[in-house]
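Single-structure report; data block below.
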Amino acid sequence: MNGDYRDLFDALELKWQAHWNQERAWAAPERPEGPKFYCLEMLPYPSGRLHMGHVRNYAIGDAVARFQWMRGRTVLHPMGWDSFGLPAENAAIKHGTPPAVWTNQNIANMASQLRRLGFSYDWSREIAAHRPEYYRWNQWFFLRMLERDLAYRSRRSVNWCESCQTVLANEQVEQGRCWRCESLVGRRELEQWFLRITRYAEELDAELDRLTGWPERVRLMQRNWIGRSEGAVAGFPMQGAAAHPAAAALEIYTTRLDTIHGATFCVVAPSHPILDRLPPEDPGRARVEAFRRRMAQKDVTRAGAEPEEKEGVDTGLRVRNPYSGETLPVFAANFVLMEYGTGAIMAVPAHDERDFEFARKYGLPVRTVVVRRGQAASASAPPAAMTEDGVLVESGRYSGMDSAAGRREMLRDGERQGFCRSTVQYRLLDWGISRQRYWGTPIPVIHCERCGVVPVPDRDLPVLLPENLALTGEGSALQRVAAFVEVTCPRCQGPGRRETDTMDTFFDSSWYFYRYCDPGNDRAPFDASKVAAWFPIDLYVGGITHATMHLIYCRFFAKVLRDLGLVASGEPVGTLLCQGMVLKGGTAMSKSKGNTVDPDEMVRRYGADTTRLFTLFAAPPEKDLEWNEQGVEGCFRFLEKVWRLFAPRGEVLASASLPGPDEGADQPRRAGLRRKVHQTIDRITIDIDKRLHLNTPVAALMELLNTLQDFVREPAHGDDPCLKEAGRTLALLLQPFAPHISEELWSLLGGAGSVRRQPWPVADARWLREDEVEVVVQVNGRVRGRVRVPSSALEAEVLAQARADERVAAHLEGRILRKTIYLPGKLLNLVVQ
RNA sequence: GCGAAAGUGGCGGAACUGGCAGACGCGCCGGACUUAGGAUCCGGUGGGGCAACCCAUGAGGGUUCGAAUCCCUCCUUUCGCACCA
């Protein structure tokens with residue numbers, strides 16, 4: 001490696017970074033002037049050091065931001081810190097450093113890494129979630145939600161991470177494991193704060209169709225996560241009735257009302273309230289209690305990942321099928337979830353795999369009521385559940401209908417008679433936001449013996465998180481801070497206790513991008529008109545890991561904020577780009593695997609431009625990128641070659657003039673160079689703007705350089721305007737990818753000011769057109785020759801010339817020409833027989 | 001199990017709506033300059049064949065003048081969900 005260039009690049013990168021700083025080059029005005037572009041990358045957790053995944057993420061965003069500046073947009077490109085969360089607390093427990101100190105150090109460190117990489121952030125808008133001037137607005141939003149019954153407290157079974165000693169939301173459990181520490185998640189019954197995201201389930205689902213700028217993959221994941229399903233709730237009247245006058249009917253949820261005549265029993269979740277109504281002396285009661293105890297024990301240690309063996313007990317309760325009049329036993333079983341539907345189902349073993357499995361285990365009857373069209377009902381027991389739609393049999397007056405008609409008719413009859421109604425269910429559950437940890441936003445409520453839950457008045461915000469307390473990791477640290485906990489009730493002035501749960505940090509990141517529009521506001525979370533001026537986010541870049549976490553929470557917030565009248569749209573993100581991971585040796589870089597590459601090390605050895613260039617070049621943005629040091633060197637060599645070509649010519653070219661519109665048109669070599677220049681502009685512009693491809697533009701830049709190298713190999717005038725045009729264009733086109741050398745090259749070639757505000761070059765249509773084109777000649781679809789013709793040539797002329805081609809003629813010999821297909825200027829296919 | 005995406009040289013990857021498969025980079029081979037080169041520059045590089053030509057985009061079939069691209073079946077890999085009634 002050539003040390004001279006390394007030092008040169010290092011110096012020029014520092015020089016231009018200082019220049020940008022001094023010019024406040026990336027500060028966005030309060031409101032956009034003219035067309036705007038809000039370019040955002042997901043804000044990082046300040047773990048201490050950047051990793052390559054960050055660099056890739058930000059290099060992508062930065063390329064687009066710089067491109068859009070040059071395209072004449074006012075760009076908002078901010079950066080901040082998702083700075084509440086467990087690692088700070090764990091570090092404090094381990095090393096005794098207070099979380100605030102640890103966090104601030106990490107922020108300082110990572111910010112300087114980002115600066116050294118030369119990213120174009122408007123640092124004047126920097127935010128950090130752990131600062132009171134930020135999290136007071138978390139509290140403010142929470143209070144608004146509380147007022148609207150969007151935040152509520154409830155005791156229920158929740159996900160519990162033993163290692164993190166806290167509750168997790170459903171979205172934060174991945175395959176039964178904690179999203180952050182990967183330990184197995186158990187369940188606990190706790191009183192918790194929830195956000196009523198389910199109120200927006202319908203809208204969150206429906207609007208996915210309109211998010212055309214989002215990857216299909218993400219929309220699908222969200223759709224599955226929300227899990228909309230249309231079905232019916234049917235009431236099965238309780239039998240043996242003396243016992244239960246209060247519970248008139250057991251309500252079950254089904255999507256297959258058409259199979260109801262095949263129901264041979266019902267099943268309720270172990271915690272279903274109907275079971276509490278069993279009289280103490282009932283033998284079913286004893287069975288249920290024993291079963292509940294067994295399940296409760298399991299819940300705590302539950303592995304979660306693989307479905308458990310189905311288990312259940314006969315509760316002794318009996319219900320009547322409202323359609324057939326048949327009496328059915330009610331079981332309690334572990335495969336029915338209280339959280340979904342009504343917590344009770346009708347079991348149709350012939351047409352549902354789970355019911356079938358359970359029926360087989362406990363020797364319960366299986367009755368076929370749907371057959372495939374054209375098939376007769378078989379008398380023998382089916383070997384497996386037939387879950388498809390078909391034609392109804394053994395279904396009373398519905399027999400003979402197809403499944404869809406059966407559902408429709410049964411629903412109508414059931415509705416008329418009052419025991420059935422159609423309904424829509426969602427898999428999505430309310431978002432549990434309570435965390436039993438210290439380093440987060442205090443939930444702003446006070447528990448008063450007399451008044452119950454009392455919100456902290458707005459004038460008392462922020463509820464400050466106390467600092468300087470000893471963290472042990474045992475229990476909730478805040479509960480031990482008397483000065484924090486012991487307060488007077490704002491309503492009755494009696495003694496109260498402050499809530500000690502803190503907020504899930506996903507609350508912090510659900511609205512941060514609005515705050516960037518007005519980061520200093522101390523009267524409101526933001527000024528609505530400023531947000532209106534910048535929103536929606538034009539490009540949001542981040543990892544796919546957030547598909548069903550952050551990216552669903554922030555959509556929910558947008559809808560809440562819209563309903564609060566603070567923002568106009570319930571969808572904050574226009575185009576979403578989920579970049580792939582950075583791998584080494586085929587797996588994601590991680591400290592535990594020891595396959596990390598340190599960004600600082602890369603910057604020291606190759607510079608920021610090379611590091612960025614490689615992360616953009618090595619793979620398309622949305623795909624995983626395999627780190628390859630030799631590939632990095634290739635990018636370094638490319639920049640070296642750029643410099644080596646222009647450095648000795650700089651002085652002469654600086655004073656050369658730029659070419660006139662037609663200059664060089666009559667000289668093939670110079671015309672070739674100009675064509676390449678304009679074709680490169682055209683390609684790169686389309687690739688960034690229309691396709692968000694950043695690897696192919698880098699390839700195009702390399703091609704342009706190859707052409708330039710060929711051009712200067714032959715003697716040329718040192719001050720050739722065509723060469724100057726090529727160099728200047730290269731400087732402009734490099735700005736999104738290797739911004740420092742781009743600036744240096746621009747100034748070397750006598751460009752005034754900084755590249756960053758030069759208009760993005762526009763390809764001259766004249767130079768995109770070729771006067772003479774090469775047409776591929778195929779015979780029966782196989783390439784047999786090529787002819788050069790004027791680009792205006794007509795098919796007949798091309799054909800004549802093609803026939804004259806020796807090879808083509810050989811393939812036409814003795815055959816009859818049946819048909820010709822001509823794509824002007826590109827291809828001529830001769831179909832012969 | 002259900003759902004989705006993707007399979008192209010030795011490797012990362014190009015090929016926008018069906019139209020020259022392999023751009024660009026890495027690696028490799030050869031050469032030049034050199035005391036030397038792991039620097040730089042030049043040339044070559046999917047496979048077979050002296051060549052014409054043939055074969056080749058996971059496998060097999062289909063549609064088409066023409067398929068990496070569209071359709072069907074299968075295989076593999078990756079990801080998401082995982083008892084959601």
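Any value given below was found using the heavy atoms of this structure, including those in side chains, with hydrogens, waters and symmetry copies removed.
Closest approach to the Trp225(A) side chain among A85(B), G27(B), C81(B) is made by C81(B) (side chain taken as heavy atoms from C-beta onward). The nucleotide whose nearest atom lies closest to any side-chain atom of Pro620(A) is, among C20(B), C65(B), G13(B), G13(B). If you check C24(B), C20(B), C26(B) against the side chain of Asn628(A), the one that comes closest is C26(B). Across C83(B), A21(B), G13(B), the shortest atom-to-atom separation from the side chain of Lys623(A) is found for G13(B).
C65(B) and A15(B) have their P atoms separated by 28 Å, with the value rounded to a whole Å. Across A14(B) and A59(B), the matching C1' atoms stand 24 Å from one another, rounded to whole Å. Between the P atoms of A68(B) and G19(B), the separation comes to 9 Å (whole Å). Nucleotides A4(B) and C54(B) place their C1' atoms 39 Å apart, quoted to the nearest Å. Using P as the reference atom, C74(B) and A21(B) are 31 Å apart when rounded to the nearest Å. For the C1' atoms, the distance linking C50(B) with A6(B) amounts to 41 Å, nearest Å. Of the C1' atoms belonging to C24(B) and U63(B), the separation is 34 Å, rounded to the nearest Å. Here, A5(B) and C71(B) have their P atoms 11 Å apart, quoted to the whole Å.
Taking the six-membered ring for Trp and the full ring otherwise, the centers of Phe358(A) and Phe331(A) sit less than 6.0 Å from each other. Not less than 6.0 angstrom separates the ring centroid of Tyr362(A) from the ring centroid of Phe265(A). Aromatic rings of Tyr606(A) and Phe614(A) (six-membered ring for Trp) have centroids beyond the 6.0 Å cut-off, not under it.
If Ala700(A) and Ala619(A) are placed on RNA chain B by their nearest nucleotide, the residue sitting closer to the 5' end is Ala619(A). Nearest-nucleotide mapping onto RNA chain B: of Lys641(A) and Arg256(A), the residue sitting toward the 5' end is Lys641(A).
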Kindly express the pairing pattern of RNA chain B in dot-bracket notation, using | wherever a base pairs with another strand and counting only Watson-Crick or G-U pairs under 3.5 Å.
(((((((..(((......[....)))((((((.......))))))(((....)))..(((((..]....))))))))))))....
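Of the side-chain N and O atoms in Lys826(A), none sit less than 4.0 angstrom from OP1 or OP2 of G19(B). Contact annotation: Thr696(A) side-chain N/O to C24(B) OP1/OP2 distance is not under 4.0 Å. Look at Arg427(A) and you'll find a side-chain N or O under 4.0 angstrom from OP1 or OP2 of A82(B). An OP1 or OP2 oxygen of C24(B) is reached within less than 4.0 angstrom by no side-chain nitrogen or oxygen of Asn695(A).
Between the side chains of Glu171(A) and Trp431(A), not a single donor N or O lies within less than 3.5 Å of an accepting N or O.
For the pair Asp805(A) and Arg807(A), the salt-bridge criterion is not met [side-chain N within less than 4.0 Å of a carboxylate O].
At a non-hydrogen distance threshold of 4.0 Å, Leu220(A), Met221(A) from residues 214-224 of chain A come into contact with RNA chain B.
One finds the CD1 atom of Ile821(A) at 9.5 Å from the CD atom of Glu795(A) (value rounded to the nearest 0.5 Å).
Here the rule is side-chain hydrogen bond (donor to acceptor under 3.5 Å, both in side chains) with Asp687(A), and of Lys690(A), Arg691(A), Arg683(A) only Arg691(A) fits it.
Residue Glu703(A) is in sugar-phosphate contact alone, with no base atom involved, counting any heavy-atom pair closer than 4.0 Å across all strands shown. Glu174(A) comes within 4.0 angstrom of no nucleic acid atom, judged by non-hydrogen atoms across all strands.
Base orientation of G30(B): anti (glycosidic angle beyond 90° from 0).
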Pull out every protein N or O sitting under 3.5 Å from an N or O of nucleotides 51-56 of chain B, one pair per line with the distance.
| from | atom 1 | to | atom 2 | distance (Å) |
| --- | --- | --- | --- | --- |
| C54(B) | OP1 | Arg782(A) | NH1 | 3.3 |
| C54(B) | OP1 | Arg784(A) | NH2 | 3.2 |
| C54(B) | OP2 | Arg784(A) | NH1 | 3.1 |
| C55(B) | OP2 | Arg782(A) | NH1 | 2.9 |
| C55(B) | OP2 | Arg782(A) | NH2 | 3.1 |

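Ring pair Tyr253(A)/Tyr340(A) is perpendicular by interplanar angle, where above 60° counts as perpendicular and below 30° as parallel.
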